[in-house]
Amino acid sequence: MSPPAGETPHVALLPSAGMGHLTPFLRLAAALEARGCDVTLITPHPAVSAAEARHVADFLASASPRVRPLEFHLLPFDPASANSTDPFFLQFEAIRRSAHLLGPLLASACRAPSAVVTDITIFSAFVPVIRAAGVPNYVLFTASAAMFALCAAFPSAAASLDGHAGTLDVPGLGALPVSWIPQPLRKPRNLFSAQFMENGRALTQVDGIIINTWEVLEGDTLAALNAGSVVPHLPLVTPVGPLPPVKLHKNSCLPWLDAQPERSVVYVSFGSRTALSAEQMRELGAGLEKSGCRFLWVVKSKKVDKEDEGVALEELLGDGYLRRVEGRGLVVKDWVDQDAILAHPAVGGFVSHCGWNSVTEAAIRGVRVLAWPRHGDQRLNAWVVERGGLGAWPRGWSWEGEAEVVGGEEIGQWVRELMEGPGVGMLQEDAVRAAGAGGKSNKGLGELIRKWNTAS
Ligand code: UDP
Ligand code: UDP
């Protein structure tokens, strides 16, 4: 099926679950719409959480009202039939098991798509369906090119994986310490590993890969991917990042930031769903206190994204903490508008888990990062941050599953160094230039749109 000739391309986007995956899809939707594409956002129902469903609804209502939603109703799915308890991995599986329903859904769309873009976590299940529909098939990779190289090379490299020890040879990246790779990949037979392997193996079957990164930051990895040195016969990998954030939320922290001196505040956040242990949270609190710096700390005590009700801050941080830091530190448990915080002139540093969206936002806003990865792709992303000069990464700091607790004294020292360290203005310029008019990422997106238009 193909749309009538002469029209702008119609791009259908299919995200999976988790703010880290949803966010770049919404940014891509907005970027395509801004360039005149007809965009359909396929939204899996039920969503993984009410918060994500609301986030999509806010986006459609306020940020990009011309993007058309198309509901993808998932088949009932018994979590007991999958080898995981992680709500996000289970949602990936629910979407994958409903893949055959996409064909009729696409056929019902008001206009046949010129291309379908699916999320990395689910795409392999959709390859036969999209092929049968005769539509060009693209994958959006939502993290770093370094992580993509691992994803592509893993099926062949995994044979040499020996539990938790040693290194893993990833062509294009070199010998990676095994401790840097996502925790579930080191355990035999789990749902995430099975999906990861299947996706890695299917990459040569799509028409192109889109990554939310940019040449200046990850040029060597991108070159290796496109030279076929990571794995042979990969389709073209196009960097289109850093995709600009889309305005969605009001921010209650801004009045407090307005009252702080320029570049004096360290912003501390571990993303939408990463909880620290109670003990580690207290040490981090002590570290921020000892650093002597002003800080804005977003605390999350639950794993599932935006909703974090229940536990009181005093209970998490210890009696008297909030009183002691009053005026100098603001601790919040709400969802904040992170991009607005990073853009605020009072913010001078970012203690971050290095979720890839956070890294791209720090670069766009020119805020130096102190990397404290917690799980998944985040150690690889932290490595990119360190190599690219966007910040520092204390390599020994533990992540989920490692018992060691990082002490407050050490954290305080690193935070002081972060705030006294060099600026990252050049990197910010590179990032903004890449995505702006005439920039390489911007041109890359333009070439894809032209290709899709011709294919129509
Ligand atoms: N985010 C936000 N407010 C919060 C927590 C997160 O706006 O309180 C945004 C953040 O700016 C980023 C996304 O949610 O765009 C989180 O994605 P990331 O890849 O950084 O990490 P993840 O949450 O997937 O671990
Ligand atoms: N990932 C991948 N292939 C898969 C599933 C995940 O390459 O089949 C990547 C994903 O893009 C992310 C990392 O593996 O970079 C960890 O996945 P998770 O869904 O936990 O993402 P997070 O919320 O940490 O972004």
Side-chain angles (χ1 to χ4, degrees), residues 16-24 26-27 48 51-52 55 84 86-93 96 118-125 139-155 181-185 191-203 209 211-212 242-249 251-253 267-275 296-300 303-308 332-343 350 352-362 364-365 369 373-381 399-400:
S16 60
M19 291 304 285
H21 296 268
L22 190 55
T23 298
L26 300 185
R27 291 177 183 173
V48 73
E52 273 188 29
H55 193 71
S84 176
D86 182 294
F88 298 95
F89 302 165
L90 290 172
Q91 177 76 350
F92 302 160
E93 190 62 16
R96 296 172 65 89
T118 47
D119 186 79
I120 180 66
T121 53
I122 53 173
F123 87 92
S124 55
V139 169
L140 175 62
F141 193 80
T142 51
S144 54
M147 184 63 202
F148 179 70
L150 176 65
C151 172
F154 195 72
I181 73 171
Q183 292 94 329
L185 295 183
L191 180 61
F192 181 81
S193 297
Q195 293 167 345
F196 194 89
M197 281 282 203
E198 206 179 308
N199 288 325
R201 286 197 190 102
L203 283 168
I209 313 287
I211 308 195
N212 187 17
L243 288 164
V246 178
K247 268 265 136 296
L248 280 188
H249 304 281
N251 204 319
S252 55
C253 306
Y267 167 60
V268 183
S269 169
F270 293 87
S272 62
R273 64 179 172 111
T274 310
L296 167 53
W297 180 14
V298 183
V299 169
K300 303 242 186 285
K303 280 199 186 237
V304 179
D305 64 23
K306 288 161 78 170
E307 285 157 322
D308 207 0
V332 292
K333 250 171 112 248
D334 305 325
W335 182 262
V336 297
D337 178 351
Q338 175 164 300
D339 180 56
I341 291 174
L342 290 172
F350 182 12
S352 171
H353 71 316
C354 289
W356 189 246
N357 294 289
S358 294
V359 171
T360 64
E361 290 156 17
I364 294 172
R365 299 305 182 181
V369 169
R374 306 296 310 151
H375 71 242
D377 52 1
Q378 296 158 12
R379 279 189 172 163
L380 268 183
N381 298 344
W399 70 349
E400 276 176 16

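Remember, it's 1-based here, ligands and their atoms both numbered in the order they're listed. As the structure is a computational prediction, the values presented were derived from the model and not from experiment.
When atom types are taken as modelled, the side chain of Thr23 and the backbone of Met19 share a donor-acceptor pair closer than 3.5 angstrom. Counting only distance, with no hydrogens or angles, the side chain of Gln91 and the backbone of Pro87 share no donor-acceptor pair below 3.5 Å.
Remark: Ser16 pairs with Asp119, Thr121 by the side chain to side chain donor-acceptor pair (under 3.5 Å) rule, at least two apart or across chains. Under the ring pair (Phe, Tyr, Trp, His ring centres under 6.0 Å) criterion, Phe192 pairs with Phe89, Phe196, sequence neighbours left out. The side chain to side chain donor-acceptor pair (under 3.5 Å) search around Arg365 returns Asp339, not counting sequence neighbours.
Residue Asp339 places no N or O, backbone or side chain, under 3.5 Å from any N or O of ligand 1.
Near Arg27, with a cut-off below 4.0 Å to any heavy atom, the atoms of ligand 1 are 15 (O). Heavy-atom proximity to Gln338, at under 4.0 Å, picks out these atoms of ligand 1: 2 (C), 7 (O), 10 (C), 11 (O).
Listed by chain and number, residues touching ligand 2 at under 4.0 Å (heavy atoms only) are His21, Phe89, Phe92, Ile120, Thr121, Phe141, Thr142, Ala143, Met147, Cys151, Phe192, Gln195, Phe196, Asn199, Arg273, His375, Asp377.
Going from atom SG of Cys151 over to atom CG of Asp377 covers 10.5 Å, rounded to the nearest 0.5 Å.
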* **side-chain hydrogen bond (donor to acceptor under 3.5 Å, both in side chains) between Glu93 and Gln195, intermediate numbers included** => CA-CA 8 Å; Glu93 190 62 16; Gln195 293 167 345; 2.9 Å; yes
